[in-house]
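See structure below.
These numbers were taken from a predicted model, which means no experiment stands behind them.
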Amino acid sequence: MNKFYTKNGAELKLIKPESGDFKILTAGVIHGDEPQGKDLIINYLNTVKKSNLGFIPVLNPDGLALNTRTNANGVDLNRNFPTQNWISTPKNKYWGGDFPASEPETQFLINVLEEFEPKLILTFHAPYKVVNYDGDALIYAEEISKLTGYPVSSDIGYPTPGSFGTYAGIEKNIPVITLELDEERSISQLEPSIFNVLNYLETLCL
């Protein structure tokens with residue numbers, strides 16, 4: 001696949017199984033101030049001999065380095081996808097960019113979906129302690145709820161124009177789980193339940 005680089009020169013990376021193909025994609029650090037996904041993904045991969053999943057440990061490396069929700073251009077990546085409900089918004093921490101898919105990080109994730117056509121997607125966020133879902137993902141959300149103890153919700157509670165869940169889950173018909181983690185718990189405390197979630201995804205035949 002094509003290489004994509006952020007404004008500050010970080011290469012965006014996809015970790016694939018040895019076969020080169022996968023049906024389930026997991027992504028972390030869409031927002032740079034929500035770093036838990038990176039550590040959970042890397043630690044999980046360090047504990048298993050092999051995985052059938054595809055992983056993007058860090059979608060927003062510039063934001064992670066800056067400890068900002070947005071990327072280096074000041075764009076909230078979870079408002080930058082080319083959805084029917086994308087709107088131009090004020091330049092605050094929820095700014096969706098000058099136009100849909102304006103950001104290399106957004107373009108990279110869209111490219112991954114187009115090239116590999118995953119059948120299910122899990123993204124890590126924080127801090128709401130909920131299993132949010134978009135599209136035909138309720139059955140997966142309910143199983144993940146059992147493993148994490150977080151409630152299931154199809155509504156995060158506020159508008160998210162241009163969100164990844166709307167783009168992939170609603171408009172592309174790829175079930176999307178947005179797992180909102182408890183930011184007050186350490187990575188080591190989160191690992192048992194999240195590793196169980198990833199192990200559950202490994203067992204799915206999609």
Subject >> Sequence-distant partners of Lys7, side-chain hydrogen bond (donor to acceptor under 3.5 Å, both in side chains), two or more places apart >> reply: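 Per chain and number, Lys7 pairs via side-chain hydrogen bond (donor to acceptor under 3.5 Å, both in side chains) with Asn73.
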Subject >> side-chain hydrogen bond (donor to acceptor under 3.5 Å, both in side chains) against Thr89, all qualifying residues, sequence neighbours excluded >> reply: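 side-chain hydrogen bond (donor to acceptor under 3.5 Å, both in side chains) check on Thr89 returns nothing, list empty.
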Does either side chain, that of [X] or that of [Y], offer a donor lying less than 3.5 Å from an acceptor on the other one?
X	Y	value
Ser163	Asn78	no
Asp76	Thr70	no
Glu103	Asn80	no

Subject >> Which residues share a side-chain contact (heavy atoms from CB on, under 4.5 Å) with Leu45, sequence neighbours left out >> reply: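 Counting only residues at least two positions away or on another chain, Leu45 forms a side-chain contact (heavy atoms from CB on, under 4.5 Å) with Ile15, Ile41, Ser51, Phe55.
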Subject >> side-chain contact (heavy atoms from CB on, under 4.5 Å) between Glu34 and Glu183, worked out >> reply: CA-CA 8 Å; Glu34 299 170 10; Glu183 68 178 0; over 6 Å; no
For the residue pair [X] and [Y], establish whether any side-chain heavy-atom pair is separated by less than 4.5 Å.
X	Y	answer
Pro161	Arg79	yes
Glu105	Leu109	no
Leu181	Ile194	yes

Subject >> Stepwise side-chain contact (heavy atoms from CB on, under 4.5 Å) check, Asp33 with Thr68 >> reply: CA-CA 5 Å; Asp33 58 356; Thr68 59; over 6 Å; no
Restricting to salt bridge (Lys or Arg N to Asp or Glu O under 4.0 Å), what partner residues turn up for [X], sequence neighbours left out?
X	result
Glu180	none
Lys129	none
Asp134	none

Original post:
Going through the checks in order, is the side-chain contact (heavy atoms from CB on, under 4.5 Å) test met by Val131 and Thr178?
Top reply: CA-CA 6 Å; Val131 185; Thr178 303; over 6 Å; no
Any pair counted as ring pair (Phe, Tyr, Trp, His ring centres under 6.0 Å), so long as it reaches [range], sequence neighbours left out:
range	value
residues 58-77	none
residues 120-153	His31-His125
residues 163-195	Tyr44-Phe195, Phe81-Phe164, Phe81-Tyr167
residues 88-113	Phe4-Phe108

Subject >> Asn8 atom CG: more than 12 heavy-atom contacts under 6.0 Å >> reply: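 Yes, because the 6.0 Å sphere around CG of Asn8 holds more than 12 heavy atoms from other groups.
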Show me the side-chain donor-acceptor pairs of residues 112-122 shorter than 3.5 Å, one per line, residues at least two apart or across chains.
none

Subject >> side-chain contact (heavy atoms from CB on, under 4.5 Å) evaluation trace for Ile177 with Thr123 >> reply: CA-CA 6 Å; Ile177 300 292; Thr123 65; over 6 Å; no
Using atom types as modelled, flag every donor-acceptor pair under 3.5 Å from a side chain in residues 16-26 to any protein atom, sequence neighbours excluded.
{"unit_1": "Ser19", "atom_1": "OG", "unit_2": "Asp21", "atom_2": "N", "d": "3.3"}
{"unit_1": "Ser19", "atom_1": "OG", "unit_2": "Asp21", "atom_2": "O", "d": "3.3"}

